[in-house]
Visitor: 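The following block contains the structure, expressed as structure tokens.
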Amino acid sequence: MARKKIMAGNWKMHKTVGESVTLVEQLREALAEVTGREILVCPPFTALYAVAQALQGSNIQVGAQNLYPAEQGAYTGETSPKMILDVGCSHVILGHSERRQYFQESDQFVNEKLKAALGYGLKPVLCVGETLEQRGEGRQKTVVSFQVERGLQSIPAEAMKDVAVAYEPIWAIGTGHTATPQQADEMHATIRNNLSGLYGDAVAQDVCILYGGSVKPGNVDELMAQPEMDGALVGGASLDAESFVRIVKFQS
Ligand code: PGA
């Protein structure tokens, strides 16, 4: 089965409700004819409901950027998978390097979040990636393999049809330094290999592995031409309609 490309925008902590709705109205119109590719936008929590409403009946899906792994309770400031589903999300980004770095999220916590997401029928995008220092020491494959294996601990093979992995080298996020298509493809092959070891080849072949880190209109075609590239997780360049539209409509 050929993997369908997933083109996702991670808006991070950007855009008010009004700005979010304006952006998705532009995207909705400009991307209406796109078929055969999954399109996903991940606005901040405050805009999720309005964005999901504005995109009803469109070919663009909505995701959250995080969740807390409990249904409800005394967790001030947190958001449960049930609430995320309730506002119209289908996906959730988990284990983004900014959360690992600034909020000390461990692989084990990310794994709990994945289980919670899947338990509610939300599709997780598990983010993994090495630092510049780790790459400098030649440890990128070990680091990323460990994150994949720990992040997916006890997740059964049947659930993997709903899981995507995003390889995001930390040194490429928001820096303008993109991994070369060959570097990215090599890491994607490593991740595919990890998935094969965990779940067998047939399951591993169907999992989408996205690339993230300074994806732009000017480099997306070359990146997406690599055999192991199943899509992109785009930060900065997803905040502008024209730029994200060009990325979603990459030519390979
Ligand atoms: P960037 O961010 O495209 O701005 O580098 C990617 C990400 O962090 O998901």
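Hydrogens, waters and symmetry mates play no part in the numbers below; they use all other heavy atoms, side chains included. Atoms within a ligand are numbered from 1 in the order they appear, just like the ligands themselves.
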Visitor: Pairing donors with acceptors under 3.5 angstrom, does anything connect the side chains of Glu130 and Trp171?
Guide: yes
Visitor: Inspect the surroundings of NZ in Lys216 and state if more than 12 heavy atoms from other residues, nucleotides or ligands are less than 6.0 Å away.
Guide: yes
Visitor: When you measure from the side chain of Arg100 to the backbone of Cys127, do you find a donor-acceptor pair of N or O atoms at a distance under 3.5 Å?
Guide: yes
Visitor: For atom CD of Gln108, decide whether the heavy atoms of other residues, nucleotides or ligands shown that lie under 6.0 angstrom number more than 12.
Guide: no
Visitor: Should the pair Tyr211 and His188 be assigned to parallel (<30°), tilted (30 to 60°) or perpendicular (>60°) ring geometry?
Guide: tilted
Visitor: Quick one: does Arg3's side chain have a donor or acceptor within less than 3.5 Å of a partner on Ile209's backbone?
Guide: no
Visitor: Dump the pairs for me: ligand 1 N or O, protein N or O, distance under 3.5 Å, to 0.1 Å.
Guide:
| residue | atom | partner | partner atom | Å |
| --- | --- | --- | --- | --- |
| ligand 1 | 2 (O) | Lys12 | NZ | 3.3 |
| ligand 1 | 3 (O) | Ser214 | N | 3.4 |
| ligand 1 | 3 (O) | Gly235 | N | 2.8 |
| ligand 1 | 4 (O) | Gly236 | N | 2.9 |
| ligand 1 | 5 (O) | Gly174 | N | 2.6 |
| ligand 1 | 5 (O) | Ser214 | N | 2.8 |
| ligand 1 | 8 (O) | Lys12 | NZ | 2.8 |
| ligand 1 | 8 (O) | His96 | NE2 | 2.7 |
| ligand 1 | 9 (O) | Asn10 | ND2 | 3.4 |
| ligand 1 | 9 (O) | His96 | NE2 | 3.4 |
| ligand 1 | 9 (O) | Glu168 | OE1 | 3.3 |
| ligand 1 | 9 (O) | Glu168 | OE2 | 2.7 |

